[in-house]
> 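I'd like to ask some things about the structure below.
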Amino acid sequence: MPPRRIQFSQADIDTQLQQIHLLDQSSSSENLESLAPLIKTVVENNQVEAFLRTTQGLVESKEQEIERICGDNYQDFVSSVSTLLTVRSYTHNLRDRITTLDSSVSSVGKTLASKKRTLLESKKTATHLDEAIDTLQACLRVLDLVNRVGAMIKDGKYWSALKSLDDVESLPQTSLSQTPFFEHLLSSLPSLRAQIKDAVTASMKSWLLEIRNTSGLVGRLALDAMKTRARRWKTRQEKDHLLKLSKVGSPVELVISEKLEYNVLDNDQISIDFKPLYQCIHIYTTLDSLEELQRSYQADRKAQASLILSDRILPGTRNLSLTLLPLTEDIVGFFIIESQVLRTTRAFRYQREVEDLWENVAQKVKDVVEEGLRDESDVDVFLLCKDSLLAFVQTMEGYSYDTSQLQSLVFSLVERYSALLERSFGTQFSKAVMENDFLAMYISTPDELETVLAGCYLKKQKIEDLLTQPIPITLPFSSMFPLCCGYVRQYVDKFYQFVEGVSHHHRDIDSTLLKSLDQLLVKHVAEPIANRLRASRNMSTIAQMISDIDCFHHGCQELGQQLTKLRAAHRGGTMILEATNAFGSLSERASIHLNSAITNKLSDFFDLAEYEWTPSRPDTTPSVYLYDMVMWLTGVIDGLAVTEEIKGMAYKAALEHIAGCMMNFLVGPEVPSINDNGLSNLLVDIRFLEDYFQQNGKPEFMSVFSELKSMISIPLNDNVSSFLTPPTRQASYPHVQPKRLASLLEKMARYGQGVRIRSEFEKGEKRRLEAQAVARMQS
């Protein structure tokens, strides 16, 4: 504000004029210097008129004072008048000079006032300039802060940039706060925040692209680490049998392998920096836009997962073996990163979202593999795919992903692989059976014997017994048996090599192995042997077949025990091959077929027998054909390369057939009539057979002739009446059937009725009546 003007009252002016001495008696000059300040003050205060009036009053008062003085002293008065005139003259001069001075002072005052106003305006302008400079400096500071936001965005310091915007928004209230500039600046903050949001989003998108390109390497490192763990664990299991029950990924294995843990996300080959994602999550959370980021991230990762499948899966079956490993590497890397994101962020990635994405990818992998292997027949391709999938499954299990779909896929590969092996080995088994000559193996050296027996599925005691026998030796089986045992070993080795590392579906795997082995042994061994057995009539060949079948029967039992030992103990139970029963049943059929071949030959002997059933006298010597028959029978059966049990069964069947043929003579339609002498001759033959086989150490088979002897003795001893008595019949003739006895009695009655000898006729009539009585017993 301009300085306040000083106001003078009338009394103040009078006082100042009274103090002015125009004439100083001590000075020869006029004392006018004291007027200057007074006049200047009067002019500045615009009191010239008042000053003039006061001056006029002073003059008048002085004139009155002079007149008074003059009255008292005229001379003095004259002198005073003279002085007064002088004063008046001076007064007029002074008035003129005052008027001039007033004009001059007035002019100077106006100039001074103008300059003062100019000065005040300049000061005001300077003040405004100072305020403007302060405001501009404040604006520059704010603009610099905002400008640094752009630089921070370029440098990737998004949180600092966002914090700077918050600082701008929270600046204290100043004169700048009310300016349009500041309001415009505040209105631009949302766009700057949007720039930060876009920049951090672009950074995260770039990071997503980067991890998309590096996921394969992460997956490869993870799969290699898992394979190394599996090899290391297998070596440890071989050294410590207590660890066999623990698989890779089990708590025991995790504790032991903890010191060797390998970080696939941060190592000497790769280092995944999750800062762009964390930074983006932090920025979006601050901006209350986290849900938008979650939706965007989920969509991007889902698209990347689909892109992995589309990029790695090429059309054509044969490409699967080339693309499956890179595909699993990409997927493993993808979901390891997802697992890390899920583990290190809160409320950003939901477990259910990742699980759904994983299930979708796992299902597509399953579909791709099934489609790729649909028409595949190369077992090496299946082995390669299984190894890739197994490492894939084990790795993903380590990150707590559900692998049930993939486990089912691996088991389906086991089934397919087993079917392919079955098809391949089935041809070899069938060829071995069809090209076999069914001759017992002849071994001439101990080394050869050990080599052959080492590859056969035989009981330990059986092997030891064969090893103790002198060389050369004829083995109880043909070359087909050790050849098929070798094929079985190869099949089992290939099968277990394929399922090695499969930690699920144990019982299904065992069932698949047993089912496949049963198919091989039944369809490609037992059935071809059965076909050759039906077509064979050579008893030596049939006997060797029986011996081979018996070896297969016991071999299946031994194979089941060995397979039980091969699998883990915790799976429990004994593995039993259905082929064991198949070979047991086939052995029975083969024995029946051998017996049939023997009995057919025996029937030929009986066809050549020339019995006289109504001779005039009995004969004490056996029939001639019996000598040839028993010599042939013993020579054939004793010469068979079969067990004593089978030989005994053959003897029993042969003697039962002989007894049956003799019984057919007595009761069958071929012989119309028989007399007592004919029965006596047949009884001689029966006793000859009993004596012969007893002498050859086979008395246990003589019971086959019990019914014949008992039935022949009834009419020869005339004991029909005793047979008709129930207690006697049950005690003495338990094996005799009334129907057969009635047929024999009818033939004897027919003989008596056909001769003209009275005694014979009466005997015949008696036999007829006895036959009727015996026949009535049946009803």
Side-chain angles (χ1 to χ4, degrees), residues 317 320-321 369-387 389-390 407-436 455-457 480-502 504-532 548-549 551-553 555-564 566-567 571 574-586:
T317 301
L320 182 61
S321 59
V369 173
E370 289 177 346
E371 178 66 22
L373 296 178
R374 183 178 58 186
D375 300 322
E376 185 60 61
S377 59
D378 187 351
V379 293
D380 292 334
V381 173
F382 275 86
L383 184 59
L384 180 62
C385 292
K386 187 275 302 184
D387 289 339
L389 286 175
L390 191 58
Q407 290 288 357
S408 299
L409 174 60
V410 172
F411 177 67
S412 69
L413 293 187
V414 172
E415 293 181 317
R416 289 283 307 280
Y417 183 80
S418 176
L420 290 176
L421 285 183
E422 182 183 330
R423 187 186 311 168
S424 174
F425 278 91
T427 303
Q428 301 180 52
F429 277 107
S430 298
K431 183 179 180 181
V433 175
M434 299 309 297
E435 294 181 354
N436 187 39
C456 294
Y457 290 102
M480 172 188 66
F481 180 68
L483 183 60
C484 289
C485 287
Y487 290 154
V488 170
R489 289 185 186 278
Q490 292 177 26
Y491 176 86
V492 173
D493 290 343
K494 287 182 177 292
F495 183 85
Y496 276 118
Q497 179 185 2
F498 188 84
V499 301
E500 182 180 1
V502 179
H504 298 77
H505 302 281
H506 295 302
R507 296 190 181 278
D508 294 332
I509 289 174
D510 293 340
S511 176
T512 300
L513 176 60
L514 290 178
K515 182 180 177 181
S516 185
L517 286 174
D518 283 331
Q519 280 288 100
L520 286 172
L521 293 172
V522 173
K523 186 176 181 179
H524 298 285
V525 178
E527 291 183 4
I529 291 178
N531 294 334
R532 293 196 64 179
D548 287 343
I549 293 170
C551 289
F552 276 111
H553 176 72
C556 287
Q557 296 176 345
E558 182 66 18
L559 175 59
Q561 294 177 3
Q562 292 191 19
L563 292 177
T564 302
L566 283 176
R567 68 179 182 178
R571 280 145 69 176
T574 302
M575 297 181 70
I576 300 176
L577 290 165
E578 294 294 333
T580 305
N581 296 330
F583 280 110
S585 176
L586 180 59

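This one's a predicted model, so the numbers in the text were calculated from it and none came from an experiment. By convention here, the first residue in the shown sequence is residue 1. Hydrogens, waters and symmetry mates are skipped; everything else that's a heavy atom, side chains included, is used.
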> Nearest 0.5 angstrom please: Ser412 OG to Tyr417 OH, how far?
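So the OG of Ser412 and the OH of Tyr417 are separated by 15.0 Å.
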> Is there a side-chain contact between Asn436 and Arg532 in this structure, where contact means two heavy atoms from C-beta onward sitting under 4.5 Å apart?
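Of all side-chain heavy-atom pairs linking Arg532 with Asn436, at least one is under 4.5 Å.
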> Working to the nearest 0.5 angstrom, can you tell me the gap between Asp518 CG and Lys523 NZ?
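Spacing of CG (Asp518) from NZ (Lys523) equals 13.5 Å.
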> Determine, step by step, whether Leu514 and Glu578 satisfy the side-chain contact (heavy atoms from CB on, under 4.5 Å) criterion, reporting the C-alpha distance in whole Å, the side-chain angles of both residues, the deciding distance to 0.1 Å, and the verdict.
CA-CA 8 Å; Leu514 290 178; Glu578 294 294 333; over 6 Å; no
> Any side-chain donor paired with an acceptor under 3.5 Å for Ser418 and Ser516?
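Yes, because at least one side-chain N or O of Ser418 sits under 3.5 Å from a partner of the opposite role on Ser516.
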> So which heavy atom on Gln557 is nearest to which on Thr580, and how close?
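Heavy-atom minimum between the residues: CG-CG2, 3.6 Å.
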> Using the rule given for side-chain contact (heavy atoms from CB on, under 4.5 Å), can you reason through Gln497 versus Leu383, listing the C-alpha separation, both sets of side-chain angles and the distance that settles it, and then say yes or no?
CA-CA 9 Å; Gln497 179 185 2; Leu383 184 59; 4.3 Å; yes
> Could you state the interatomic distance from CE (Met434) to CD1 (Ile529), rounded to the nearest 0.5 Å?
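Answer rounded to 0.5 Å: 10.5 Å.
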> Looking only at non-hydrogen atoms, find the nearest pair between Ala432 and Leu483 and report the distance.
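Smallest heavy-atom distance, with atoms named: CB-CD2, 3.6 Å.
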> Stepwise, does the side-chain contact (heavy atoms from CB on, under 4.5 Å) test hold for Val433 with Met480?
CA-CA 6 Å; Val433 175; Met480 172 188 66; 3.6 Å; yes
> To the nearest 0.5 Å, how far apart are SG in Cys485 and CD in Glu558?
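Cys485 SG to Glu558 CD: 10.0 Å, rounded to 0.5 Å.
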> Kindly determine whether Glu370 and Arg416 satisfy side-chain contact (heavy atoms from CB on, under 4.5 Å), including the steps that lead there.
CA-CA 10 Å; Glu370 289 177 346; Arg416 289 283 307 280; over 6 Å; no
> Any idea which heavy atoms bring Cys556 and Leu521 closest together, and the distance?
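Looks like SG-CD1, 3.8 Å.
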> Mind checking the CD-NZ spacing from Glu415 to Lys515? Nearest 0.5 Å is all I need.
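Spacing of CD (Glu415) from NZ (Lys515) equals 7.5 Å.
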> Determine the interplanar angle of the Tyr487 and Phe425 rings, folded into 0 to 90°, and report it as parallel if under 30°, tilted if 30 to 60°, perpendicular if over 60°.
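If you compare the ring of Tyr487 with that of Phe425, the planes turn out perpendicular.
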> For Leu420, is there any backbone N or O sitting under 3.5 Å from a side-chain donor or acceptor partner on Ser424?
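Looks like no, no N/O pair under 3.5 Å.
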> When rounded to the nearest 0.5 angstrom, what distance separates CG in Leu559 from CG in Leu577?
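Spacing of CG (Leu559) from CG (Leu577) equals 5.0 Å.
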> For the ring-ring contact (aromatic ring centres under 6.0 Å, His included) test, which of Tyr457, Phe583, Phe429 pairs with Phe552?
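By the ring-ring contact (aromatic ring centres under 6.0 Å, His included) criterion, Phe552 pairs with just one of Tyr457, Phe583, Phe429: Phe583.
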> Donor-acceptor pair, Ser585 side chain versus Asn581 backbone, under 3.5 Å?
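Judged by distance alone, no pair lies under 3.5 Å.
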